[in-house]
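Take a look at the structure below.
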Protein chains: 2
Amino acid sequence: MRLTSKGRYAVMALVDLAKFNDINPVSLRDISLRQGISLDYLEQIFSKLRKKAIVQSVRGNQGGYVLNKKANEIKLTNIFDAVDEKVKTVQCKKESKKGCNGKPTKCLTHNLWDELENHINDFFEKKSLEDLIKDNIERRI
Amino acid sequence: MRLTSKGRYAVMALVDLAKFNDINPVSLRDISLRQGISLDYLEQIFSKLRKKAIVQSVRGNQGGYVLNKKANEIKLTNIFDAVDEKVKTVQCKKESKKGCNGKPTKCLTHNLWDELENHINDFFEKKSLEDLIKDNIERRI
DNA sequence: TATATACTTGACTAAATTAGTCAGGTTTAT
DNA sequence: ATAAACCTGACTAATTTAGTCAAGTATATA
């Protein structure tokens, strides 16, 4: 089980954005340089974030991106959801009609993976962008 | 983020083994048939489980595998550890000397992934094979 | 002792996924 | 006008996964 870097980058970029988000929009170029993420890849990620209304774009010279909600209203769930980062534990769920393994009943561990998914999603549900920023400032002091 | 099927199969197979583990050892062939997992793949998995002393093999005719510990002493952590299923959240950890992104400091979200890892490992640490079997019996009633 | 059953090991491979790159746009402040 | 910055879709190399395949070794039982 591993997290993909798309999800990681999305969170990193948004923390960066939130930190530097005062008067002017923040350009992807700046985020790219500060966080060491390829500009092209950032554009893909921000396109998705924009479609889910997490950020807003400002076009033209001196343009960039702005948060579309308050930092405490953006949960990790929202971010991961936007970039298609999902917790996929059970393959059995693909064929929803059948049970798992092609058998009519649930597989022996079906319940377990459900619980695990919930456990992880709880974590993502509770953490907001604001939490991350606070945590960041505290550690700097 | 997703769980690999090697980890899933390992858990499924062990639950199956624990259920049918009375007097005789359980053959991989039986597990394969009951759980719909390829025999060859099961052999790979059980080889690892044996090396970590989670199961014991009984060779020869009528042979098979037996649990090497009590079901309540086998935690999910142990199983996942045996088959190399790990929770890998942060790539930054690879180059331990440096911080993340090749920079000397930790990346903005380093702490977050640490917390997530702990959160998930907690879950695996608490669940034992016995819990899974109980859960299974209860749902059947 | 023959032999079938079952474990054991290592090498190999096809498919899927990821982590980007690349090219060619469009929009708009200055 | 033009440069900065967003926007989009297609493409690709590397990695990982989920197995398969082949060639054994060990041993209970007839």
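Convention: sequence-line order gives letters A, B, ...; per-chain numbering from 1. Remember, it's a predicted structure, so these values are computed and weren't measured experimentally.
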In whole Å, I'd like the distance from the [atom1] atom of [X] to the [atom2] atom of [N].
X	N	atom1	atom2	answer
Lys6(A)	dT21(C)	NZ	C1'	14 Å
Leu17(A)	dA5(D)	CG	C1'	15 Å
Tyr9(A)	dT18(C)	OH	P	14 Å
Leu28(A)	dC7(D)	CG	P	8 Å
Asp30(A)	dA4(D)	CG	P	13 Å

Any Tyr65(B) side-chain N or O less than 4.0 Å from OP1/OP2 of dA6(C):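 So the side chain of Tyr65(B) is outside the cut-off, no N or O lying under 4.0 Å from OP1 or OP2 of dA6(C).
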
Phosphate oxygens OP1/OP2 of dT8(C): is one of them under 4.0 Å from a side-chain N or O of Ser57(B)? yes

Look at the side chain of Ser5(A) and decide which nucleotide, out of dT8(C), dA19(C), dA6(C), has an atom nearest to it. dA19(C)

Select one nucleotide: of dC7(C), dT18(C), dC6(D), the one nearest the side-chain heavy atoms of Thr4(A). dT18(C)

Taking the basic N atoms (NZ, or NE/NH1/NH2) and the acidic carboxylate oxygens, is any pair closer than 4.0 Å for Glu130(B) and Lys70(B)?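 No, this pair does not count.
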
Lys52(B) and side chain to side chain contact (heavy atoms under 4.5 Å, CB included): which partner among Asn68(B), Asn78(B), Asp81(B), Val83(B)? Asp81(B)

Just to verify, which of Leu112(B), Leu116(B), Thr109(B) counts as forming a side chain to side chain contact (heavy atoms under 4.5 Å, CB included) with Leu76(A)? Leu112(B)

Atom OG of Ser38(B) and atom OH of Tyr9(B): how far apart are they, to the nearest 0.5 Å?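 Nearest 0.5 Å value for the OG-OH distance: 8.5 Å.
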
Between atom NZ of Lys75(A) and atom NZ of Lys126(A), what is the distance when rounded to the nearest 0.5 Å?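 Here the interatomic distance stands at 11.0 Å.
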
Of residues 38-50 of chain A, the positions that come close to DNA chain C - non-hydrogen atoms, cut-off under 4.0 Å: Ser38(A), Asp40(A), Tyr41(A), Gln44(A)

I'd like to know if the side chain of Ser32(B) and the backbone of Ile37(B) have a donor-acceptor N/O pair within less than 3.5 Å. yes

Please check if the side chain of Asp122(B) supplies one atom and the backbone of His119(B) the other of a donor-acceptor pair under 3.5 Å. no

Applying side-chain hydrogen bond (donor to acceptor under 3.5 Å, both in side chains), can you list everything that pairs with Glu125(A), at least two apart in sequence or on another chain?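 In terms of side-chain hydrogen bond (donor to acceptor under 3.5 Å, both in side chains), with neighbours along the sequence ignored, Glu125(A) is linked to Thr77(A).
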
Hydrophobic clustering (ILVMFWY, side-chain heavy atoms < 4.5 Å, transitive) - are Val58(B) and Leu39(B) grouped together? no

At under 4.0 Å between heavy atoms, how does the protein contact nucleotides 25-30 of chain C? Give one character per nucleotide, 5' to 3', with B, S or -. -BBBB-

